[in-house]
Each structure stands twice: as C-alpha cells, then as structure tokens.
Number of protein chains: 2
Amino acid sequence: MNISDAAKRTGLPAKTIRYYEQIDLISPTRGENGYRDFSFEDVQLLHFVRRARDLGFSVEDCRTLLGLYTDANRASAEVKSIAQNHLSEIDAKIEQLNAMRETLSHLVHCCDGDSRPTCPILQNLAGDSR
Amino acid sequence: MNISDAAKRTGLPAKTIRYYEQIDLISPTRGENGYRDFSFEDVQLLHFVRRARDLGFSVEDCRTLLGLYTDANRASAEVKSIAQNHLSEIDAKIEQLNAMRETLSHLVHCCDGDSRPTCPILQNLAGDSR
DNA sequence: TATTGACCTTCCAGTAGATGGAAGGTGCAG
DNA sequence: CTGCACCTTCCATCTACTGGAAGGTCAATA
C-alpha cells in the first residue's frame, strides 16, 4: 500500500513515516515507480513505534524495543529495564513540573493583573524571593 | 567582569551566556581586547532569565518578560497573562505525563522481567490491549 | 488525447535551546 | 619566555520532526 494509506492506518503523518525510514526504523520495499510499498508487517511496526512514542519512549528506545519485539529469543527483563528507566525519567519530569507549577501558581495568585506596574511575578524573577 | 565571573554569579554556563547574547537577550559591552565586559545590571538580567527558564518559560517568553521588567510603565496584567498561559501549558504537560505514567507503570508491574521472551509490555506496544 | 488534480518522490531548511569542539588570540605568573 | 588559563568566533551536533520547493506518476474526466 502507498504511504498515505499507511499513514491513515497508523495515525502517523506521511512525513514522519518517511523520516522513520530515513533513520532506518523501518524499511518498506519500493514499487517500480519508486513509490514505497508498505506491507501489513510494516504497518504493524509503525503502529508499534507510534504506541511507544505516545508513551514517551525516545526514538532510540523505540529502535531497541523494535529489535526486541522482532527477536523471538528476547528476555523480557531487557524490555522491563528499558521501561523502568523511562518510567523514572517520567517521574522526574513530573516532579520538576509540579515544582514549577507550585511556584508559578503562587505567583499568579499574588499578581493583581491590572494596569498598574507593580508585579510580584517580575519581582520574584528579579530575585526578590518575598 | 569577564564571562566566567558572570557565569559563576548567575549559575549559567558561559556557553549559554554567549548564546543569550547571540539571540539578543542581553548586550554586554566589550573591552579593548574584545572580551565581553558584564555590568552588574547584565548579571541581574541574566539572573532574571535563569529564574524564568527554571520556571519553564520559553526563551521568547523570557524576552518579553525582560522587556516588561525593564519597562517601568508596564501593566502587571500583561505579565500575569503570560504566566497564566505558561501555567496552563505546564498543567497540560503534567496531565500528559501522568497518563503515560499510569499506563507504563501498569505494564512494568505486569512484566515478569526474567529471561523468558513473554512480555506484556511488548504485547501492549504491538497493539494487544489486554 | 489532453489535462487536471491528487498522489508520490527527493532534498534542503528550519524549529528550541543549547552544547561540544576546533582554531586561534590574550593575560598573567613564574 | 614559557606555560596555562582564560577569551574569542565559527561550525557542527543533538531530538524528532515539519514545511516547502521542484518535479515525477496515476487515474479520471472533457
């Protein structure tokens, strides 16, 4: 099938699929006219990558996971380890964002937000920690 | 003062400070030898940017905030609006990460993580939603 | 048959926000 | 005068795409 069909089936933009081929995540065959010809397996691999990306895995993690996915002799421990590392990163990001959120929402609540120049947000950014 | 002193005082890498000059966030003067010469005001502006970046504001937001900071006639409403928008973005990111976290931690708990190939994580990524 | 419009292709550039490194100038101590 | 720690600019690299230009292909219609 052509790239636009593969795009529809996977929910990935055609551009992104071309990019994934360029970085060797997938390798669809080519027809005589030079058009990419996606097999159902290609589409499945693209689906896999999409799911993994949606869960926040890096493209390099996706590459590794794809390798494990297509390796019938893999050990699930390897997969679990990658997932656990990623989970830790997510936790760290959440914590960081929560810290930002707390500070920022406090500042937003302190700011009158009117036409006057006095602004606790700017004061705080300027280093006035009151 | 030289760039390394400005770096120490602001906690920003010298490379980053040069970058901020390159994109016209700051404009330190130059000595006769071509070295950047940072005034205390320059350092304060860098501090301001660092704080704002730490709170997750984009560099473009920082540029706007710096402009408001140095404008004695600003309306605090403008600042508050930028901060509120940013806060919404942070909230959206947190929500997204929490969703990922939930799915992923469930999968990690379901995976034995041993030497056998059976792996619920891969099964899920492959589209098996059980 | 000619033409239109929707596909497809490659290639180049740009996004955010730095960061790394090379090549070379400067300043100061011993 | 030599060494070393600074400083400079410039160019490349990272992540994960995305946009757009220039041009080839295919199928339906006038």
Side-chain angles (χ1 to χ4, degrees), chain A residues 1-38 42-43 45-46 48-66 82 85-86 89-90 92-93 96-97 100, chain B residues 1-38 42 45-46 48-66 82 85-86 89-90 93 96-97 100:
Chain A
M1 81 190 70
N2 279 348
I3 197 167
S4 64
D5 291 321
K8 268 171 217 148
R9 283 170 194 267
T10 59
L12 290 167
K15 274 267 177 191
T16 300
I17 296 176
R18 289 194 194 99
Y19 171 70
Y20 286 166
E21 185 196 32
Q22 190 190 317
I23 63 172
D24 288 317
L25 268 192
I26 51 157
S27 304
T29 58
R30 298 288 178 132
E32 290 191 355
N33 53 12
Y35 287 17
R36 291 170 183 81
D37 185 16
F38 293 84
D42 289 327
V43 170
L45 296 183
L46 285 172
F48 183 98
V49 174
R50 174 162 155 50
R51 273 289 285 156
R53 292 287 300 132
D54 282 351
L55 286 176
F57 284 101
S58 71
V59 167
E60 283 316 300
D61 275 351
C62 289
R63 190 189 302 283
T64 308
L65 290 170
L66 268 182
I82 294 170
N85 281 344
H86 179 45
E89 286 168 15
I90 287 179
K93 273 187 205 162
Q96 198 186 358
L97 285 172
M100 288 179 188
Chain B
M1 82 189 69
N2 279 349
I3 197 167
S4 63
D5 291 321
K8 268 172 217 147
R9 281 171 195 266
T10 59
L12 289 167
K15 274 268 176 189
T16 300
I17 296 177
R18 289 194 194 98
Y19 171 70
Y20 286 166
E21 186 196 30
Q22 191 190 317
I23 63 172
D24 289 318
L25 268 192
I26 50 157
S27 304
T29 58
R30 298 285 178 134
E32 290 190 356
N33 52 13
Y35 287 17
R36 290 169 185 82
D37 185 15
F38 293 84
D42 289 326
L45 295 183
L46 285 172
F48 183 97
V49 173
R50 174 160 154 53
R51 274 289 285 156
R53 292 288 298 134
D54 283 352
L55 286 176
F57 285 101
S58 70
V59 167
E60 283 318 300
D61 275 351
C62 289
R63 189 189 303 282
T64 308
L65 290 170
L66 268 182
I82 294 171
N85 281 344
H86 180 44
E89 286 168 14
I90 288 178
K93 274 188 205 161
Q96 198 186 359
L97 286 172
M100 289 180 189

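In what follows, chains carry the letters A, B, and so on, assigned in the order in which the sequence lines appear, proteins first and then strands, with residues in each chain numbered from 1.
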Looking only at atom types and distance, does a side-chain atom of B:Asn33 sit under 3.5 Å from a main-chain N or O of B:Tyr35, one as donor and one as acceptor? yes
Looking at B:Ser4, does any N or O in its side chain come under 4.0 Å of the phosphate oxygens OP1/OP2 on D:dC7? yes
CZ/B:Arg9: more than 12 non-hydrogen atoms of other groups inside 6.0 Å: no
Which whole-number value in Å describes the distance from B:Lys93 NZ to C:dA16 C1'? 11 Å
Using a heavy-atom cut-off of 4.0 Å across all strands, would you classify A:Arg18 as base, sugar-phosphate, or nothing? base
Atom CG of A:Asp24 and atom P of D:dT15 are separated, to the nearest Å, by 15 Å
Quick check on C:dT10: is either OP1 or OP2 less than 4.0 Å from any side-chain nitrogen or oxygen of A:Arg30? yes
Is B:Tyr20 near enough to C:dG17 that one of its side-chain N or O atoms lies under 4.0 angstrom from OP1 or OP2? no
How would you label the contact of B:Ile23 with the nucleic acid (heavy atoms, under 4.0 Å): base, sugar-phosphate, or nothing? nothing
Should B:Arg36 be listed as having a side-chain N or O under 4.0 Å from OP1 or OP2 of C:dT26? no
Residue A:Lys15, side-chain heavy atoms: nucleotide from D:dC17, C:dC11, C:dG17 that is nearest: C:dC11
Look at B:Asn33 and D:dC7 and indicate whether a side-chain polar atom (N or O) is within less than 4.0 Å of OP1 or OP2. no
Nucleotide C:dG17, atom C1' - distance to CG of B:Asp54 in whole Å: 14 Å
Would one find a side-chain N or O of B:Thr16 under 4.0 angstrom from OP1 or OP2 of C:dT19? yes
A:Asp5 CG to C:dA6 C1': how many Å, rounded? 13 Å
Check if the side chain of B:Tyr35 and the base of C:dG27 share a donor-acceptor pair of N or O atoms closer than 3.5 Å. no
Spacing of B:Tyr19 atom OH relative to D:dA12 atom P, expressed in whole Å: 18 Å
Between P of C:dT9 and CG of A:Asn2, the distance in whole Å: 7 Å
Take the protein atom CD of B:Glu32 and the nucleotide atom P of D:dT8, then report the distance between them rounded to whole Å. 15 Å
More than 12 heavy atoms from other groups under 6.0 Å of CZ on B:Arg63: yes
Rounded to whole angstroms, how far apart are CD1 on B:Ile17 and C1' on D:dC7? 13 Å
Do B:Asp54 and B:Arg50 meet the salt-bridge criterion of a basic N to acidic O distance under 4.0 Å? yes
Please confirm whether the backbone N or O of A:Val43 pairs with a side-chain atom of A:Thr10, one donor and one acceptor, at under 3.5 Å? no
If you assign each of B:Glu21 and B:Lys8 to its closest nucleotide in DNA chain D, which residue comes earlier from the 5' end? B:Lys8
